[in-house]
Amino acid sequence: MEKLVIKTYIMRRIAPRVDIRGARNRLIINIDEDENFIDAYNDLADKLRKYPEFFKGSQMKAIVKGKEMNNEERNMIRELLETRFGFNTLFLNPVEQKDDQLIKFVRTTIRSGQVIQTPGHVVILGDVNDGSEIKAGGNILIMGRTNGLLHAGYPNKNDSFIAAFRLESLQIRIGNIISRAPDRKRYRADIPEIAYVKDDKIFIEPLNQKSKML
């Protein structure tokens, strides 16, 4: 009998979480947009701590870009840069860096309190937990289970759609239309579904080749 051989491949990170470059009295800090915030924060702090005397009291401007962050995360970065190292901090809005046709891929589970916002479409490769929020100017596709607040076509693009492997959010929004799911205890999606707007109402149906939306 032929012996079954299982090969294991170990994937190693080849790109840094945080890239720091100096340019004309400015420090350009680029944070990987798909990186976990805490990991990226710790990576940034570790790199700055390697040269404490060089950065301390520098009065340089630090420009932070790449990753979308909520207010709490921005305040953590600001406190690190300004209080500990004396930078003047400027955050570049990711919305200003991209056009509205961009597809944003997020390769992680979205935890409670996290907000993902993009002017284009968004694909989540993971679950979207209760207490989180996904807001996209285009369509939302979630390759996992979703319980968070979903808003596709933000703010008023009603021809957008939301699709998920397990669409269990209590509330979804498409453009300026809001829909609330049945009682969570009674509602458990067990097949991929798609939500779309028709006649100013949100319809949800199984996601298959016969879907009226496709």
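Leu48 places a side-chain heavy atom less than 4.5 Å from the side chain of Leu44. At least one side-chain heavy atom of Met69 sits less than 4.5 Å from a side-chain heavy atom of Val64. With contacts defined as side-chain heavy-atom distances shorter than 4.5 Å, the pair Val115/Lys135 does not qualify. The closest side-chain heavy-atom distance from Asp130 to Leu170 is not below 4.5 Å. Looking only at side-chain heavy atoms (C-beta outward), Thr146 and Leu167 come within less than 4.5 Å of each other. Between Asn36 and Arg111 there is a side-chain heavy-atom pair separated by less than 4.5 Å. Using a 4.5 Å cut-off on side-chain heavy atoms (C-beta onward), Leu80 and Met76 make no contact. Within the 4.5 Å cutoff, the side chain of Phe37 has no heavy atoms near those of the Gln114 side chain.
In this structure, Asn129 and Ser112 approach most closely via the heavy-atom pair CB-N, 4.2 Å. Heavy-atom minimum distance, Leu207 versus Ala163: CD2-CB, 4.1 Å. Among all heavy-atom pairs drawn from Ala152 and Ile140, the shortest one is N-CD1, 3.7 Å. The minimum heavy-atom distance linking Ile204 with Ala195 is given by the pair CG1-CB, 3.8 Å.
Taking OG of Ser160 as the reference point, atom CD1 of Ile177 lies at 12.0 Å (rounded to 0.5 Å). If you take CZ on Phe91 and CG on Leu81, they are separated by 7.0 Å, rounding to the nearest 0.5 Å. Summarising the geometry, atom CD1 belonging to Ile20 is positioned 5.0 Å from atom CD1 belonging to Ile29; distances are rounded to the nearest 0.5 Å. Interatomic distance, CZ of Arg173 versus OG of Ser179, reported as 11.5 Å (0.5 Å rounding). Put simply, NE2 on His151 and CG on Asn176 are 7.5 Å apart, with the number rounded to the nearest 0.5 Å. To the nearest 0.5 angstrom, Asn158 atom CG is 8.5 Å from Ile202 atom CD1.
Across Leu149, Ile116, Ile110, a single residue satisfies side chain to side chain contact (heavy atoms under 4.5 Å, CB included) together with Glu133, and that is Leu149. For the side chain to side chain contact (heavy atoms under 4.5 Å, CB included) with Leu150, the qualifying choice from Ile172, Ile174, Ile124 is Ile172, the only one to do so. When each of Lys61, Arg78, Glu82 is checked for a side-chain hydrogen bond (donor to acceptor under 3.5 Å, both in side chains) with Thr89, only Glu82 meets the rule.
No donor-acceptor pair closer than 3.5 Å links the side chain of Asp127 to the backbone N or O of Thr109. Counting only distance, with no hydrogens or angles, the side chain of Asp43 and the backbone of Asp39 share no donor-acceptor pair below 3.5 Å. Judged by distance alone, with hydrogens and angles left aside, the side-chain atoms of Asn139 form a donor-acceptor pair with the main-chain N or O of Phe161 at under 3.5 Å. For the pair Ser169 (side chain) and Gly148 (backbone), a donor-acceptor distance under 3.5 Å is present.
Under the 4.5 Å side-chain contact rule for hydrophobic residues, Ile134 and Tyr154 do not share a cluster. Side-chain heavy atoms closer than 4.5 Å link hydrophobic residues (I, L, V, M, F, W, Y) into clusters, and following such links, possibly through other members, connects Met143 to Phe105.
No salt bridge links Lys50 with Asp46; every basic N to acidic carboxylate O contact stays at or beyond 4.0 Å.
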Taking it one step at a time, do Ile77 and Tyr41 satisfy side-chain contact (heavy atoms from CB on, under 4.5 Å)? CA-CA 7 Å; Ile77 295 290; Tyr41 175 88; 3.8 Å; yes
Give the intermediate values and the outcome of side-chain contact (heavy atoms from CB on, under 4.5 Å) for residues Glu205 and Tyr196. CA-CA 9 Å; Glu205 64 180 30; Tyr196 61 94; 3.2 Å; yes
